[in-house]
Amino acid sequence: MTPETLHRPTPHALARVAFVLVEPCHPGNVGAAARAMRVMGLGDLVLVAPSVPSALADPQALAFASGATEILANARVLPSLEAAIADASLVIGVSADPREFGPPPLAPEAVAQRVFAELAADPGHRVALVFGTERVGLSVEQVQRCQLLCSIPGDPDFHSLNLAQAVQIIAYVLRRCAQDPSNAHAIDAQAKASELAASPSPRFASQVAIEGLFEHLERALVVIGFLDPAHPKKLMPRLRRLFSRARLEAEEVDLLRGVCKMAEQAGRANPPAWTRQAAEPADRSVPTTRRTTGSEST
Ligand code: SAH
């Protein structure tokens, strides 16, 4: 009689989850991460600017992958985090500690539920989990690109795991969550619904669309005189955090870009007094407090 096993086929939805390693230094960690992912049925590995450019073919990576060579062979190497998360609707930073203006940390189990809610909401949704470089982890700016933050709780005085071990824990929790009957049911129902829909389009905006909005918003805020580019303070990081909490839909991004466009037009037609004066450095008649109105409160 064949002994009973707990291993089960991998839920299809996990194919829409990417593991992004930002600037990994040690090819051995890349190989060990590939192995960790392979055991949990995850296949989409992305390296952002690895220290060793040929990390995927490095002998140490191959040794630590211990047979999970397919993951390394199919992995993508990209020059920037922006490129790595461009098609994701939900970006989750994975960090031992929170960062300034970043989202508050959630435990892996709570994050896994959010991942499956995202995947079930629309077949076009994709999730990226972003891991930091070995020595310093994710930067403040990198975490600000994330809508959620995941921390693996540990001892308050010693909670930084090895990169591949962190990948292993997150991958395991995701797999267990995907096998939960209610998640499996939600994702099956969504797959059926999308078969019926003529042209499914993702509900939440991609990161490309969101970055385009932030750039446009920044330009518009400068033109209307709310943001002083010489003293931007923390206005944009604060707005990023606000919009990350809101989880913008694709149509809402279009709407906000329309608002930015009109604001830019209005600002150009009637430039605020202090920006006109700022172009003439000799004239000091404008009170300095007026110059920083927008960013003063940040
Ligand atoms: N000193 C760095 C540690 C980097 S370890 C820091 O404070 O972040 C490399 C990566 O492993 C981290 O960027 C993170 O993605 C992951 N990692 C390590 N320990 C973790 C933990 N306790 N919770 C979540 N991620 C962790």
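Just so you know, ligand 1 is whichever comes first in the structure, and atom 1 is the first atom listed for that ligand. Numbering starts at 1 and runs along the sequence shown.
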Presence of salt bridge, Glu211 and Arg240, under 4.0 angstrom: yes

Check whether any side-chain N or O of Arg99 sits under 3.5 Å from a backbone N or O of Asp97 as a donor-acceptor pair, and report yes or no. yes

Reference residue Asp44; test salt bridge (Lys or Arg N to Asp or Glu O under 4.0 Å); the match among Arg16, Arg38, Arg76: Arg76

Output yes when Glu264 and Arg268 qualify as a salt bridge under the 4.0 Å nitrogen-oxygen rule, no when they do not. yes

Test item: Thr133 side-chain N/O and Val136 main-chain N/O as donor-acceptor pair under 3.5 Å: no

Parallel, tilted or perpendicular, as decided by the 30° and 60° cut-offs, for the rings of Phe243 and Phe214: tilted

For ligand 1, output the ligand-protein N/O contacts shorter than 3.5 angstrom; if there are none, return none.
| residue | atom | partner | partner atom | Å |
| --- | --- | --- | --- | --- |
| ligand 1 | 1 (N) | Arg135 | O | 3.4 |
| ligand 1 | 13 (O) | Gly132 | N | 3.0 |
| ligand 1 | 15 (O) | Val94 | O | 2.6 |
| ligand 1 | 15 (O) | Gly132 | N | 3.1 |
| ligand 1 | 19 (N) | Leu161 | N | 2.8 |
| ligand 1 | 22 (N) | Ile152 | O | 3.1 |
| ligand 1 | 22 (N) | His159 | O | 2.7 |
| ligand 1 | 23 (N) | Ile152 | N | 2.8 |

